[in-house]
Amino acid sequence: MSVDPARVAQYERVSLTFRLGRDYATPFDPAQIEVNAEIQGPGDQRLLVPAFWIEPQEPADDFTTAHVFTSPGVEHYRPAGEAHWQVRFTLTKPGTWQGRVRARDAGGESVSDEFSVKCVPDDAPGYLQAAPNRHFLCFDSGTGFVPVGFCIAWARGRSDRDTYDDYFRRLTAAGGNTVRVWMCHWAWLEWTKGSSGALLAYDGAGRYNQQVAYNFDRIVALAEKHGLYLQLCLSNACWEMGRPDGKNNEYDSWGGHPYNVKNGGPCQEPEEIWSNEDARQLYRNRLRYLAARWAYSPNILAWELWNELGSESDASARWHHEMAGYLRSVDPYQHPVTTSTWLSDVRELPRTFAAMDLVQLHYAAERSIKLAREAFPSKPLIIGEGPWDRKAAVRSAYTSPLLGAAGPPLTWHAGPDSPVETEGFYSLVTSVADYWRGFPATADKVTRLTVPNLRAETPGGPAYAPVVIEPGFNTWLKKAGQAEFVVPPNGAVETVHLSDRLYGSNADRAPFRNPPIFIVDYPVDGTFSVAIKEVSGPAVLLITLDDVEVLCYTVPGEGRRPAPAEETWQTIRVPAGKHRIRVDNAGSDWMAVGPFVLGNYRDLVEHPPVTALGLAADDEARIWIANDWASTANGITGSAKEITVQMTWEGLVPGEWLVVWSDPATGKTLRQETCRAERRGLKLKVTDLRDQVAAKLRRIGG
């Protein structure tokens, strides 16, 4: 047995390399051969670390040698030594640690000679976990952590710019610290044999592609080099259990899945993955291998069991409880466990997320974040995928943590031509990272600031602003639970049951019909608009005003398609007063719509279209203020007016506060001022608010 190295700093990797006295047909199956290292340190410190079988690899061409990427069909590796067993671990406390390796198989048990490792103190922060305030994350050292970065599910190696080494280097330079990476969708550990490159090294269920595993060794090492933390997504519900386009027999979906009975697996249908005992055992074995090979690394932020689950079932909820519990039992460092959903309301998966350490949303709206925090107040919230639209990304990057997320959304990165690369998202990472720098994320108490008496003025006196209503119910083929929506003067209508789909008259669509009706009261003559996002089949938008048809628009074209760009927005005029506005699809299939915009509805002074969010901990605070009129997409609401806003922020410790204002889009400092917080709050005034501003606050005196 070799120990490398025998003297390490805290949180530095140690590798044990050894061989057993016999070979095994399936060395990845602990029922056939189970190997663990039992390690004891100073005091009562103990580690039980699973061992794993490794067939060493090395790059086999110049591009694979020079770059790290995930495209197994074009990656090329070759064997680089004899297969053997390995244990990887780190030591969390200084002192001398001793251990033995114990192996069990059908013939009995064997134990190695004792080994020892000397661990010396170091200032490495350690592993990530939920902070005591359950809002943010923190390291073992107690240092707070706000994840800022991208979802780079894969890097396809189409050029030297489309590689993890290039993306990681530039993200670190921009001040980022987090990347979400997929170990699925052509980079699975176990799959069926493919036609080229590292795909040829797949060998079905229960056997792990050593070329793909070696590549993930490189990805983890690269993250460690650049100081980035990885959220590893292990499986992809949107593809492995059926492709979105319905082509489920393709290689990258159920057709190639090693658990498919047609490929020698135990399951007739994808849903049996949740309940079939053989399939569950196979997945437990995979989790053990993952923990054995990569749990040592402090740069693993979290294990993500699945990408984008749909609705919860009894079987899927039980599966998540079982697998999360098993993963914790084999992970000696207790990395957080999470899973994700494409649904906007995590309350639709209550038992699933109850089993997780971190709750996760994708492309989360502000309302979705609020609901998630209310449903799971003791679990930090991660937003694993963020919007591409630059304006929406800026807003969500600032609002998400202020509303309760552990950090801003991880913007989806889709290669060199994606908006991340072409629209300056690295500069957004820089500004957001600076915004949270110095905030005490590990404070015992994090306080949401309130603004109970916000007032606004506009040049030229009172005016009327639009109300923008975003659908909050987007479940495919599910009937909305409400039809009528009363829109109050301030526009604050509850949209949890407002569907973003209008279903037509087909027999397979009609059961889900429940067209929305808006009960409105316009103070002056105004407009009502709706955006058509996408349609399928014959689609006809029908709008009635007080039960009288006022608009009937047939979306041109056939099949599944977007509305013509110049006709995305459909608008009717609405007289002042009370009305009923009904929006329907008179076609046969479905139509995706939203938002709905009520023009000239909201008194700008009495109900200013301003969002003001703030968060405080100890002697630091962060606030963000937006003119919501300016944030409305596509200009349907007309030109936004500049607003002067006066507000009192409640929740700050009394004393002198330094307020540094910045432009959220650029991070540029605009001005700074010193203000005094009294018992009743801190009064601030923002003049000429056209879009949004942010501020860092620090208490500088009593």
Could you give me the CA-CA distance, side-chain angles and deciding distance for Lys478 and Glu348, then say whether salt bridge (charged side-chain N to carboxylate O under 4.0 Å, His left out) is met?
CA-CA 12 Å; Lys478 192 172 182 180; Glu348 296 190 44; 3.5 Å; yes

Going through the checks in order, is the side chain to side chain contact (heavy atoms under 4.5 Å, CB included) test met by Val597 and Phe528?
CA-CA 6 Å; Val597 178; Phe528 177 88; over 6 Å; no

What verdict does the salt bridge (charged side-chain N to carboxylate O under 4.0 Å, His left out) test give for Arg367 and Glu494, after you've listed the backbone C-alpha separation in whole Å, the side-chain angles of each residue and the deciding distance to 0.1 Å?
CA-CA 9 Å; Arg367 174 190 154 277; Glu494 176 55 66; 3.5 Å; yes

Please report the shortest heavy-atom distance between [X] and [Y], naming the atom on each side.
X	Y	result
Leu309	Thr341	O-OG1, 2.9 Å
Cys233	Asn307	SG-CB, 3.5 Å
Leu287	Leu305	CD2-CD2, 4.2 Å
Val487	Tyr601	O-OH, 2.7 Å

Is a salt bridge present between [X] and [Y], judged by a nitrogen-to-oxygen distance below 4.0 Å?
X	Y	answer
Arg580	Glu484	yes
Arg351	Asp314	yes
Glu374	Arg347	no
Glu423	Lys391	no
Asp345	Lys370	no
Arg280	Glu322	yes
Arg243	Asp252	yes
Arg513	Asp584	yes
Arg573	Asp525	no

Taking atom types as modelled, is there a side-chain donor on [X] or [Y] under 3.5 Å from an acceptor on the other?
X	Y	value
Asn263	Thr192	no
Glu190	Tyr202	no
Glu312	Thr352	yes
Glu240	Trp254	no

Take Asp589 and Arg509, measure what salt bridge (charged side-chain N to carboxylate O under 4.0 Å, His left out) needs, and give me the verdict at the end.
CA-CA 6 Å; Asp589 204 341; Arg509 301 291 188 245; 2.6 Å; yes

Ring-ring centroid check His362 Trp412, cutoff 6.0 Å
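They do not qualify: ring centres at least 6.0 Å apart.
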
Regarding Arg156 and the six-membered ring of Trp154, is the cationic atom NZ or CZ under 6.0 Å from the ring centre and inside 45° of its axis?
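Because its charged atom sits under 6.0 Å from the ring centre and within 45° of the axis, Arg156 does stack over Trp154.
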
Pi-cation contact, Phe425 with Arg390 (under 6.0 Å, within 45°):
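Arg390 over Phe425 ring: yes.
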
How about [X] and [Y]: do any of their side-chain heavy atoms sit closer than 4.5 Å?
X	Y	result
Ile383	Leu410	no
Tyr251	Trp191	yes
Tyr503	Asn585	no
Pro387	Ser396	yes
Gln360	Val346	no
Pro471	Ser499	no
His185	Trp239	yes
Trp303	Gln231	no

So Tyr553 and Ile532, side chain to side chain contact (heavy atoms under 4.5 Å, CB included) or not? Walk me through it.
CA-CA 11 Å; Tyr553 169 65; Ile532 304 174; 3.7 Å; yes

Passes side chain to side chain contact (heavy atoms under 4.5 Å, CB included), Ile469 versus Phe518? Steps please.
CA-CA 11 Å; Ile469 303 174; Phe518 297 93; 4.2 Å; yes

Between [X] and [Y] (side chain of the first, backbone of the second, donor and acceptor by atom type, cut-off under 3.5 Å), is there such a pair?
X	Y	value
Ser400	Ala397	no
Ser368	Ser344	yes
Thr568	Ala531	no
Ser253	Glu250	no

Thr544 and Val550: side chain to side chain contact (heavy atoms under 4.5 Å, CB included), yes or no, with the steps?
CA-CA 5 Å; Thr544 63; Val550 291; 5.8 Å; no

Crowding at CD, Glu277 (>12 non-hydrogen neighbours, <6.0 Å):
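Yes, because the 6.0 Å sphere around CD of Glu277 holds more than 12 heavy atoms from other groups.
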
Can you tell me which residue among Tyr259, Tyr283, Trp306 is in a ring pair (Phe, Tyr, Trp, His ring centres under 6.0 Å) with Trp274?
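Among the candidates, only Trp306 passes.
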
Residue that, paired with Val524, satisfies side-chain contact (heavy atoms from CB on, under 4.5 Å) out of Val574, Asp603, Asn600
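The single option meeting the side-chain contact (heavy atoms from CB on, under 4.5 Å) with Val524 is Asn600.
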
In Å, rounded to the nearest 0.5 Å, how long is the span from CZ of Arg158 to CG of Asp162?
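Answer for the CZ-CG pair, Arg158 versus Asp162, is 4.0 Å.
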
